[in-house]
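Written below as structure tokens is the structure these notes are about.
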Amino acid sequence: MLPTEFLGIKLKNPLVLASGILGTSPEILIRMAESGAGAVTMKSIGPVEREGNINPNIVEFDCGLLNAMGLPGPGYKNMAGKMEELKNCPVPLFASIYGSTVQDFVDIVKFLREYRPAAIELDISCPNKDDGLSFSADPETTRQLVSEVRKHSGSIPVIPKLTPNTSSIPLLAEACRKGGADALNAINTASGMVINIEARKPVLKYKKGGVSGPALKPIAVRCVYESYEATGLPIIGTGGVTTGRDAIEMIMAGASLVGIGSALYYRGLDAFRLIAGEMEEWMKNNNIDSLQDITGAAHG
Amino acid sequence: MLPTEFLGIKLKNPLVLASGILGTSPEILIRMAESGAGAVTMKSIGPVEREGNINPNIVEFDCGLLNAMGLPGPGYKNMAGKMEELKNCPVPLFASIYGSTVQDFVDIVKFLREYRPAAIELDISCPNKDDGLSFSADPETTRQLVSEVRKHSGSIPVIPKLTPNTSSIPLLAEACRKGGADALNAINTASGMVINIEARKPVLKYKKGGVSGPALKPIAVRCVYESYEATGLPIIGTGGVTTGRDAIEMIMAGASLVGIGSALYYRGLDAFRLIAGEMEEWMKNNNIDSLQDITGAAHG
Amino acid sequence: MAKAKPEMTRILRIKKENPYVKTITLDMKMKAEPGQFVMIWLPGVDEKPMSIRSSNENLMITVEARGKCSEAFTCLKEGNSIGVRGPYGKGFSHVKDCIMVGGGIGMPPLMNLSESMDGNMRMLQGARTKNRLIFTDRHDMMTATDDGSEGHRGFVTDLLEKEILKKKPRIVYTCGPELMMVKVMEICKRHGVGMEASLERYMRCGIGICGSCVCGKSIVCLDGPVFTMEQLEKNPDFGKHALSRSAKKLTLGEYYGGKE
Amino acid sequence: MAKAKPEMTRILRIKKENPYVKTITLDMKMKAEPGQFVMIWLPGVDEKPMSIRSSNENLMITVEARGKCSEAFTCLKEGNSIGVRGPYGKGFSHVKDCIMVGGGIGMPPLMNLSESMDGNMRMLQGARTKNRLIFTDRHDMMTATDDGSEGHRGFVTDLLEKEILKKKPRIVYTCGPELMMVKVMEICKRHGVGMEASLERYMRCGIGICGSCVCGKSIVCLDGPVFTMEQLEKNPDFGKHALSRSAKKLTLGEYYGGKE
Ligand SMILES: Cc1cc2nc3c(=O)[nH]c(=O)nc-3n(C[C@H](O)[C@H](O)[C@H](O)COP(=O)(O)OP(=O)(O)OC[C@H]3O[C@@H](n4cnc5c(N)ncnc54)[C@H](O)[C@@H]3O)c2cc1C
Ligand SMILES: Cc1cc2nc3c(=O)[nH]c(=O)nc-3n(C[C@H](O)[C@H](O)[C@H](O)COP(=O)(O)OP(=O)(O)OC[C@H]3O[C@@H](n4cnc5c(N)ncnc54)[C@H](O)[C@@H]3O)c2cc1C
Ligand SMILES: Cc1cc2nc3c(=O)[nH]c(=O)nc-3n(C[C@H](O)[C@H](O)[C@H](O)COP(=O)(O)O)c2cc1C
Ligand SMILES: Cc1cc2nc3c(=O)[nH]c(=O)nc-3n(C[C@H](O)[C@H](O)[C@H](O)COP(=O)(O)O)c2cc1C
Ligand code: FES
Ligand code: FES
């Protein structure tokens with residue numbers, strides 16, 4: 001019922017571990033694969049080693065999480081060992097990369113090529129690094145980046161990850177398409193802040209952070225819907241999905257795959273199996289045989 | 001404890017009925033004033049009569065509301081009677097206006113001037129009308145609008161209302177300041193969508209709508225914080241405030257007044273009194289005599 | 001379900017009440033009071049407030065084809081699904097030894113209320129003509145038609161006055177055209193009888209935040225739709241004004257396009 | 001309180017355990033198991049995982065000044081407030097007739113566990129030197145110091161081996177420097193005794209989503225910090241590797257900057 005194809009890649013189900021969720025180590029990515037994910041995305045890889053932000057890096061609020069990890073990571077030059085180990089990953093592996101310059105992205109793509117990830121996400125949407133959104137601020141800059149990266153990725157599909165922190169998702173998505181994006185991921189977190197009033201301070205050391213979880217869902221569904229309408233590209237719908245119903249909602253908005261992030265907190269590490277089970281049950285009750293029959297069904 | 005001053009206007013408390021919440025008729029605005037609001041904002045007034053969108057105009061999700069009223073209203077030319085009645089409003093009255101052109105805004109301001117509202121909000125942030133965000137899409141356009149409006153408002157303060165649907169609140173806020181804004185309101189709703197998967201359709205007839213309520217709070221707090229930092233202007237902090245603690249959080253982020261919208265649904269029509277009571281209790285427990293002592297306290 | 005989120009619900013049964021009116025039984029249980037209403041969503045078309053006709057067992061509504069959306073409601077078939085959210089608003093009190101006065105499609109909430117009265121009540125219905133009447137299989141229904149094609153020829157309020165004189169009830173409940181309800185209130189006042197009426201205003205949110213349905217100082221979807229005589233006497237807009245879809249204050253004549 | 005939201009909490013009492021270590025009693029009750037931890041936030045400074053020293057009455061933590069943040073914790077005064085969120089992770093089992101082996105600041109969770117053992121246990125503590133020992137007012141504490149300034153001169157693991165030979169316990173609980181815990185595991189294996197150890201890894205979220213604290217296939221903040229011997233035997237990184245703040249896999253020597 002749930003097996004699906006995305007950019008020619010076969011997946012046992014449409015649920016993808018979102019980037020930055022437990023994706024720091026090959027062992028855990030493989031564990032997530034074994035625990036039911038249809039595909040897994042690595043933590044975003046940067047040009048150089050980065051320690052990320054000082055704690056607190058995360059805080060919960062009534063209906064979501066706010067995080068500002070600050071993209072900690074060893075840098076691509078220290079990733080060879082991990083990439084080798086990930087050859088054992090039993091499900092399709094998506095890499096994710098970020099950079100401050102076009103050249104950063106290109107360098108990392110060149111490094112990743114030989115390890116043949118199923119696709120490469122471009123994290124141009126991280127609100128937790130000072131220049132994390134610089135490639136999303138205007139469509140022409142976005143288009144140029146995607147186009148440059150696409151030249152170097154060879155047969156590996158490129159998937160820009162969109163930010164809700166924009167005045168126009170259709171323009172941003174269309175810029176990605178024009179640049180040669182093979183698919184889109186919508187969305188990364190929305191910029192937010194939580195203040196502890198007794199401490200009289202933003203809780204996160206970075207002050208601002210990215211909103212994920214249930215509070216993000218209606219924004220994510222809208223961004224998926226708009227991206228689908230604007231570009232017709234395949235979409236990984238990410239943001240606030242914690243149940244099978246949420247996943248179906250994303251798919252009806254136009255997502256081919258569904259990113260799962262904060263749900264690992266809300267539902268536990270068994271989230272993939274739980275959500276997949278709920279999807280199957282709903283499909284059975286509604287006489288739907290295949291996800292293709294409902295992808296984008298909310299349009300028109 | 002709660003009496004406060006904003007742009008020289010004295011208020012018994014900092015809680016302002018947000019625009020579009022029950023603000024269609026003088027009788028109800030006065031009722032809200034009597035039920036504890038420190039000030040009340042009228043439903044946004046447009047250049048011509050508008051019926052708004054067909055139902056459904058509202059839908060709830062797990063942690064907020066999504067609405068797409070589509071700015072129904074009689075148009076300013078039919079507002080003389082209501083403005084007369086509003087002379088009896090026992091608390092400061094904020095008008096709110098929208099338009100498709102600069103001239104629209106100017107015309108409405110000229111009409112409103114003789115009724116001397118305590119301030120005029122510029123709704124350049126409605127996601128539920130096709131050109132509702134056209135004056136927010138780029139800072140220079142925003143600056144020009146605010147500047148043009150300010151020329152005609154005389155001694156009446158002008159308060160642009162910011163949208164979170166932007167790549168940069170600081171740039172937007174700064175454009176308003178440069179245009180001569182006397183204060184800012186942050187924020188209007190975030191664009192979102194809710195799909196009913198059994199119906200396979202967006203619930204709202206307009207498809208997209210504006211997210212308000214708890215889900216919006218961390219985004220609103222961040223926007224207030226950024227606007228305060230970028231401009232130093234007085235701010236009406238609006239978005240997801242449903243408790244006294246939420247209101248204090250807004251004030252620490254930099255708000256001088258706090259907008260109350262969806263809370264009227266979550267807490268009932270007594271929301272103003274409840275929230276004001278909770279604020280006073282928290283202040284007492286934390287030995288804070290005046291709101292001025294904590295305005296912007298989360299900065300630095 | 002969250003309170004303001006429509007739940008798609010299957011239609012179990014449809015019963016034709018007269019050529020224009022159908023009663024729809026839904027595959028949903030709901031705890032509600034007579035006089036409360038639900039918002040009924042027809043995906044792709046519109047969403048409308050509808051009084052709860054019954055919630056003892058399955059939820060029932062009774063719809064009259066008036067315009068585009070209600071017309072579409074009456075064209076639905078058993079097995080179709082519609083969205084339901086609610087219940088909303090404040091319903092009727094529950095005082096036995098009452099008289100109910102319904103006009104046209106104002107009948108459904110009164111029928112609902114009547115079901116828990118153990119027969120300790122009188123029910124009057126007015127309509128333009130015989131084939132506009134509904135629920136006439138009820139043996140104790142007294143009727144009035146404008147053209148005299150059934151029951152009393154003339155106003156249902158004439159019947160009310162007669163019944164009050166026959167035996168003064170403890171209260172009168174009414175729902176129907178607003179000018180009829182104004183008349184009911186006058187009669188009740190004259191005879192010193194209490195009264196509650198259910199109002200109609202243009203509704204969007206149904207949950208008391210959008211301000212579409214205001215009538216005087218009242219928010220009809222939240223404070224009402226049922227109001228007491230005391231409340232209505234103080235309401236300058238009762239019987240006089242309603243807000244248009246664009247929130248313009250119209251006379252009832254303008255609001256109903258001369259149909260009332 | 002939402003699970004991952006710090007609550008500012010007043011410090012009721014501070015007790016100096018030795019020149020470097022203080023026990024802080026907080027104005028908070030918390031239901032927690034020995035071995036679980038909380039995240040302690042010092043606004044403007046940092047947030048760190050801290051084992052729960054006690055949660056029988058008020059929440060207590062015991063902090064050793066090691067670096068900038070823990071130093072700042074030990075400078076706090078009674079009446080100050082700090083942020084607390086938790087409890088997080090999986091704690092120790094609860095088997096009486098056990099031996100506990102603590103090294104340095106590994107003692108607090110073992111002390112917590114010991115309090116419900118009704119004395120049916122033996123407790124061993126190792127430290128570099130006498131004034132690094134803590135909780136020595138406990139009359140049944142056996143100690144070892146590297147320099148012999150108190151108790152046995154040498155490793156606390158020597159004491160463990162002796163105690164096992166004296167009378168085989170049903171289980172060994174340990175917390176302290178990882179190489180010490182590796183040694184404890186070897187000894188337990190050799191003598192056919194079960195064992196549980198509490199691990200330290202760099203933590204950010206504490207709730208199992210950021211991936212900072214992984215050790216082999218284990219997420220220390222969620223699956224641990226307490227692991228059984230069976231789990232540790234299968235974990236290729238136990239005693240060998242830890243992720244740096246930048247998620248680079250380091251040897252423990254590199255991770256602790258040669259201090260371990
Ligand atoms: C509390 C309440 C209970 C109601 N109960 C019933 C009921 O049990 N059965 C029934 O058939 N009808 C009921 N109605 C009326 C119903 O909601 C519709 O107004 C009616 O069906 C006409 O809708 P339409 O779209 O078909 O016609 P349209 O041509 O769209 O409108 C005709 C007239 O109906 C009124 N109307 C239209 N839309 C709305 C709206 N969203 N809210 C309020 N009034 C509106 C206006 O007066 C309008 O001029 C109730 C209305 C209210 C406010
Ligand atoms: C589950 C757990 C329980 C702990 N319980 C206690 C306790 O009860 N009492 C106590 O004093 N300490 C405890 N610690 C250690 C404590 O969290 C700090 O690591 C320690 O206080 C040093 O922090 P610092 O900032 O002062 O030093 P730094 O100079 O910042 O760091 C010194 C070393 O501490 C470790 N460290 C620093 N930050 C963290 C972090 N966020 N997460 C994990 N390790 C870190 C690293 O090895 C680092 O090299 C515990 C750690 C963990 C993981
Ligand atoms: C702790 C954390 C770390 C994240 N790190 C990254 C990252 O490195 N790269 C990235 O593209 N997205 C990152 N994200 C965003 C997620 O991939 C995802 O887009 C977002 O959390 C919304 O989905 P959710 O609501 O399912 O969590 C991170 C999110 C969280 C909560
Ligand atoms: C039903 C509804 C109608 C609204 N109409 C307007 C409007 O006309 N003009 C405007 O500036 N904002 C309008 N808003 C936005 C609110 O004023 C407010 O900015 C937003 O709801 C966030 O605040 P809240 O979370 O407290 O509701 C509307 C919001 C809602 C829910
Ligand atoms: S319908 Fe919105 S307030 Fe009544
Ligand atoms: S600290 Fe984040 S996963 Fe353990």
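Lettering of chains follows the sequences in order, A, B, ..., and the numbering in each one begins at 1. FYI, side chains are in, hydrogens and waters are out, and symmetry mates aren't considered; it's all heavy atoms of this structure.
Among D/Cys69, D/Gly206, D/Gly216, D/Ser212, the residue making the largest number of heavy-atom pairs under 4.5 Å with chain A is D/Gly216. Ranked by non-hydrogen atom pairs under 4.5 Å with chain A, the options D/Gly211, D/Ser218, D/Ser246 are led by D/Ser246. When the candidates A/Val194, A/Asn196, A/Ile197, A/Leu71 are compared by the number of heavy-atom contacts under 4.5 Å with chain D, A/Asn196 comes out ahead. Of the listed residues (D/Ile82, D/Leu243, D/Asp223, D/Leu222), the greatest number of heavy-atom pairs within a distance under 4.5 Å of chain A belongs to D/Asp223. Interface summary for chain A: among D/Lys217, D/Lys48, D/Met203, the most heavy-atom pairs under 4.5 angstrom belong to D/Lys217. Comparing D/Gly44, D/Ser81, D/Pro236 by heavy-atom pairs within less than 4.5 Å of chain A, the highest count is held by D/Gly44.
Heavy atoms of other residues, nucleotides or ligands lying less than 6.0 angstrom from NZ of D/Lys29 number more than 12. Enclosure of atom NZ in D/Lys90 by more than 12 non-hydrogen atoms of other residues, nucleotides or ligands within 6.0 angstrom is indicated.
A salt bridge does not link D/Arg10 to A/Glu198: none of the charged side-chain nitrogens sits closer than 4.0 Å to a carboxylate oxygen.
Looking only at distances, a side-chain donor or acceptor of A/Glu60 sits under 3.5 Å from a matching main-chain atom of D/Lys3. Distance alone, capped at 3.5 Å, places no donor-acceptor pair between the D/Arg204 side chain and the A/Pro56 backbone.
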Sequence neighbours excluded and cut-off under 3.5 Å, please list the side-chain donor-acceptor pairs for residues 31-42 of chain D, or say none.
| residue | atom | partner | partner atom | Å |
| --- | --- | --- | --- | --- |
| D/Gln36 | OE1 | D/Glu33 | N | 2.8 |
| D/Gln36 | NE2 | D/Gly89 | O | 2.8 |

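For a heavy-atom cut-off of 4.5 Å, chain D lies close to A/Thr24, A/Ser25, A/Glu27, A/Ile28, A/Ile30, A/Arg31 in residues 23-33 of chain A.
At least one side-chain heavy atom of A/Val203 sits under 4.5 Å from a side-chain heavy atom of D/Pro6. Side-chain atoms of D/Ile209 and A/Asn67, non-hydrogen and from C-beta on, never get closer than 4.5 Å to each other. Under the 4.5 Å side-chain criterion, counting only non-hydrogen atoms from C-beta, A/Ile54 is not in contact with D/Lys68.
We find the CG-CG distance between D/Asp46 and A/Asn53 to be 11.0 Å, quoted to the nearest 0.5 Å. A/Lys201 NZ to D/Met8 CE: the interatomic distance, rounded to the nearest 0.5 Å, is 9.0 Å. Rounding to the nearest 0.5 Å places NZ of A/Lys43 at 8.0 Å from SG of D/Cys210. Atoms NZ and CD, on A/Lys205 and D/Glu47 in that order, are 11.5 Å from each other to the nearest 0.5 Å.
Residue contact with chain D, scored on non-hydrogen atoms closer than 4.5 Å, involves the side chain of A/Leu65 exclusively. Neither the backbone nor the side chain of D/Asn235 comes within contact range of chain A; no heavy atom of the residue lies under 4.5 Å from a heavy atom of that chain. Residue D/Ile219 touches chain A through both its backbone and its side chain, counting heavy-atom pairs closer than 4.5 Å.
Of all the heavy atoms in D/Arg245 and A/Gly52, the pair that sits closest is NH2-O, 3.1 Å.
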